Structures are given as C-alpha cells and as structure tokens.
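Okay, so here's the structure we're looking at.
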Amino acid sequence: MAAPFEKYLEPLAIEGERDIVSARERVRDAARGLGFSAVELTLLATAVSEIARNIIEYAGHGTISLRLSDSGRNPGIEVVAEDRGPGIENIELALQDGYSTRRSLGMGLPGARRLVDEFQIESTVGKGTRVILRKWKTSTKAA
Amino acid sequence: MTEEELSHRMKVIQFTEEDVARLKKLSPYAREYAEPVIEEFYRHLLSFEEMRAFFPDRRTLDYVKRKQKEYFVRLTEGDYGMKYVEDRLLIGAVHEKIDLPIKTYLAMYAYYENQVASRLRAAFAGHADEAFDVFLSLIKLIRLDMILAIDAYSLRREQTIRQQEEAIRELSTPVLRIRDRLLILPIIGLIDRKRATQITAQLLTSIRNARARVIVIDITGVPVVDTDTANHLVQTVEAARLLGAQVITTGLSSEIAQTIVRLGVDLSRLNTVGDLQGGVEEAERILGYRVIRGEGGSSYLEAG
C-alpha cells in the first residue's frame, strides 16, 4: 500500500500551550505541502492539538515528531507524540468517549482517533506514553 | 541550560579535558597580563563613538573594567561547569538589557583574541606549536561563551515577545455593543485556558454593564476548535446564560463543523448561525427589532 515514511522532521518540544499551536501549525504546513485538502488539514491539525494537549495535561512535557511520505501514490503523514509521563493504566478505558481522569470532556484520545486513518497507542505505567497517528492524503477511512 | 545540554555543546565544539588542562596552565600569565590587556581593551573600545555611550561615567567604567579582569583570569581557571555557564548567561542578559547590540558584544572578542595572541607569542617564544594549541583551546572556550551570549540575548527577546503577546491578547477581545442589549464578541486566534477565562470575565462584566440580553460570539477567526476549545466555548455560553443572556455563535467554517462532528463533541447547547450577519439578524429578531428598508436604500430599525 502506501510508501514508507522517508522524511523526518526534527521533533518539537511540547512544554506549554504555545507549543500546541506550534505543533498544529507545523503539521498543517507539512500536510499542505503534501497537497492535503482544507478539511483533511483541519482534521489532522485538530488531532495533533488533542494529543499535544494530552501531553501537557498528563505528562507536563514531551515531544511531537513528524514523518512524511511523499514518494508513493498516496502521500501521508505520521505524527508521533511521546512523553515520559505517568503512563495510562487502562488504555481501553482512556479510549472511551467521556472518560477522563481530569475535569475535561474526556474526548481527547477517542476524538483524535476518529480524525485520522490510523491510530496506535502504547503506554507503560511509570514510563510514559507514545501515540502514533497516520493520515493519508486520500483518506482510507470512510468519513 | 541543563547539565546534559552543556556536555552536548562541549562535545560539539570538541572542548575536552585536554583543553581544560592547557587553559589552566595559562593561569599565571592571565593574572600577570589582566591589567594591561584590559586597559588596552577599553582604550580601543572607547575610541569608537558608538561605544562611549555605554560608559557614561568613571564609576561605571571602573566597575566593568574590574569585571572584565575577573573574566579574563576566569577563562584560565578550569571548572567550566554549570556555575560558569550561569555566570556567562547572566553577563549576556545584562548586555542585552543595556541595549548593547549583540554584534558589538561579539565583535569585542576579536580585540581580546588579538591581544592574547600577541602575548602568547611572546610568552611561548620558540614553542610555536604549544602556543598554537593553547590558543585553540582558548578559542573553543570563547566560542562557548559566544554561544551562551547569543542564548542569553534570544531568551530575553523571547520574554519580551511573550509579554507583548499577552498585551495583544488583552486588546484582542473587544466586546462591542451594537444595539441596545445586543453585544458582539469577535474572537480571533487561539482560545487557551487563560484566554478563555479572560474572555468569559470580560463578557460577563459587559453583560452586566450593558444589561445585555443577546450576545453574538463570532469565531470566524479561530483556526482550530479542539475539544478543549469547544469546552471553553460551552462554559462561556453557560456563564452568560446564568446572567440571563442568550448566546448565538457564528462563523464556524465547514472544516471546523466536520471536525467537531467527527470528534464527537456535543455542541447542541450552542445556538449556532452561519455567519455574523445572520447572527445579528437572529439577535435582532429575538430582541423584537424589525429592519425596514427605507427610501433610497437606507434601512432603519423599529423596536417591535
């Protein structure tokens, strides 16, 4: 199917609200460069916003890196969000709508998952969390 | 800067224990030459018109000369750890504060280097290789100091930018009264927690002061609405409702509408109208106004 992600962009440190904006601007620029449509750009930028905010809320700080694939027939972006925070005890629960250990709406992770084509999460309690999002220019997921 | 970053930078400029040892050997010379080198340094500096302004009086000049001599000797004393870095960052910040351009600050090092080179040549007469190695070690350390100065300068600039951003934020959420009991709140840019709190506070005060019944919040200028932003918006609307005002939200782009639906955020509590004009018309209807087209195309309002 799609080509591997051959282009790496330097990781962006996520330490405060302003970095959330930088992260989504960066992903928006990258996706625009690959020819994503306005709707796809907004979906992806919003997903990145959600996972970046999760880093700040739960881990305090972390990084977001982008990998691009633009040589194949269907260009795509992979977003990797990593933190060394407390980790998630029950991933299944965290991916349920309305579940939050904070006062938020609890839509962050499940919401982000619905905005992208592929979603992976790995988390170890006490070690940290890694969330991987992938989105292709021509979405492989029905809207 | 952290310990980790410092050791990384040292690696990048290839500053090793060998360099530290070489520099330490220079210490007796540095002590001996500090006085004449610094005196000559300032004589050179003050020969430039633009530099004189930074040394308004004798006391300032004596003070910085003393500091420079300390620095000159310090360069050869080893122990270039975190304490050293913090001192250098502080010095950089002080220079930024007095508006000394960074190019001037960095240019000063050239004179230093020339002075030291000629004295090393004399002190190591007949040992050119050794003199060259020592000089290289010194250049590496000076390079580190320059990097730190640039760090200090940019950090202070960033702080200034941040303060200005705050100021712009304060100014960027005007609550406008366009009819009796009707307010408009255009939101442009990012809505984070801090701004949401500020917007809500400002809106609630305005509702009281204007005894407003309807508010149109226009979010055409908000580029991304994630769950957090949506949450803030809902809370602002709820707070306004508790004061007896109705909120109409306008300006949701089709992209944002699709995103919100996919995210699964429930915005059913928001009364949304397509664009600002539609929102104002809806508000006027709620307040019982009727707009009537007059002769010559002018229109006027009639309270219903």
Side-chain angles (χ1 to χ4, degrees), chain A residues 13 15-29 31-32 36-58 61 95-100 102-117 119 135 139 141-143, chain B residues 1-2 4-5 8 155 158-166 168-169 172 188-199 219-238 251-270:
Chain A
E15 284 158 0
E17 293 257 6
R18 56 182 20 243
D19 300 320
I20 301 178
V21 182
S22 312
R24 68 185 183 218
E25 283 312 307
R26 185 180 284 202
V27 77
R28 206 191 260 271
D29 284 348
R32 195 180 286 125
F36 278 53
S37 71
V39 179
E40 300 294 321
L41 288 181
T42 308
L43 294 175
L44 186 58
T46 310
V48 167
S49 199
E50 299 292 349
I51 57 173
R53 197 176 300 282
N54 255 5
I55 290 180
I56 306 235
E57 283 277 315
Y58 294 97
H61 56 92
L95 288 176
Q96 271 174 30
D97 279 340
Y99 177 80
S100 169
R102 299 283 162 97
R103 270 189 316 157
S104 63
L105 287 176
M107 302 295 285
L109 284 181
R113 177 154 76 162
R114 282 193 290 266
L115 300 180
V116 295
D117 296 323
F119 181 97
K135 194 158 184 67
S139 187
K141 200 167 163 180
Chain B
M1 190 192 290
T2 63
E4 225 168 86
E5 278 170 42
H8 178 73
L155 196 70
E158 271 169 32
Q159 281 169 350
T160 311
I161 293 170
R162 212 163 293 175
Q163 281 161 4
Q164 284 167 347
E165 278 177 356
E166 296 272 309
I168 292 170
R169 267 188 206 189
S172 65
I188 292 170
L190 152 87
I191 309 179
D192 58 17
R193 194 148 310 164
K194 218 159 136 195
R195 182 146 185 236
T197 312
Q198 180 214 329
I199 290 173
I219 60 165
T220 308
V222 179
V224 169
V225 178
D226 59 9
T227 52
D228 207 58
T229 308
N231 199 9
H232 291 316
L233 206 56
V234 169
Q235 282 170 0
T236 305
V237 169
E238 281 295 300
L252 248 86
S253 67
S254 69
E255 291 88 18
I256 288 181
Q258 291 184 56
T259 307
I260 288 175
V261 170
R262 283 244 210 143
L263 266 178
V265 176
D266 178 18
L267 287 189
S268 59
R269 269 180 292 178
L270 295 193

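Proteins come first, then strands; the chains are lettered A, B, ... in the order of their sequence lines, and each starts at number 1. These numbers were taken from a predicted model, which means no experiment stands behind them.
- The CG atom of Leu115(A) sits 6.5 Å away from atom OG1 of Thr259(B), with the distance rounded to the nearest 0.5 Å.
- Between Ser49(A) and Asp226(B), the shortest heavy-atom contact is OG-OD2, 2.6 Å.
- Residues of residues 39-48 of chain A that come within less than 4.5 angstrom of chain B, heavy atom to heavy atom, are Val39(A), Thr42(A), Leu43(A), Ala45(A), Thr46(A) in numerical order.
- Minimum heavy-atom separation, Arg262(B) to Arg114(A): O-NE, 2.8 Å.
- Here the side chains of Lys194(B) and Glu17(A) are not in contact, with every heavy-atom distance at 4.5 Å or above.
- With a threshold of 4.5 angstrom between heavy atoms, Val234(B) does not approach chain A through any atom at all.
- Side chains of Arg53(A) and Thr227(B) form no contact here, defined as non-hydrogen atoms less than 4.5 Å apart.
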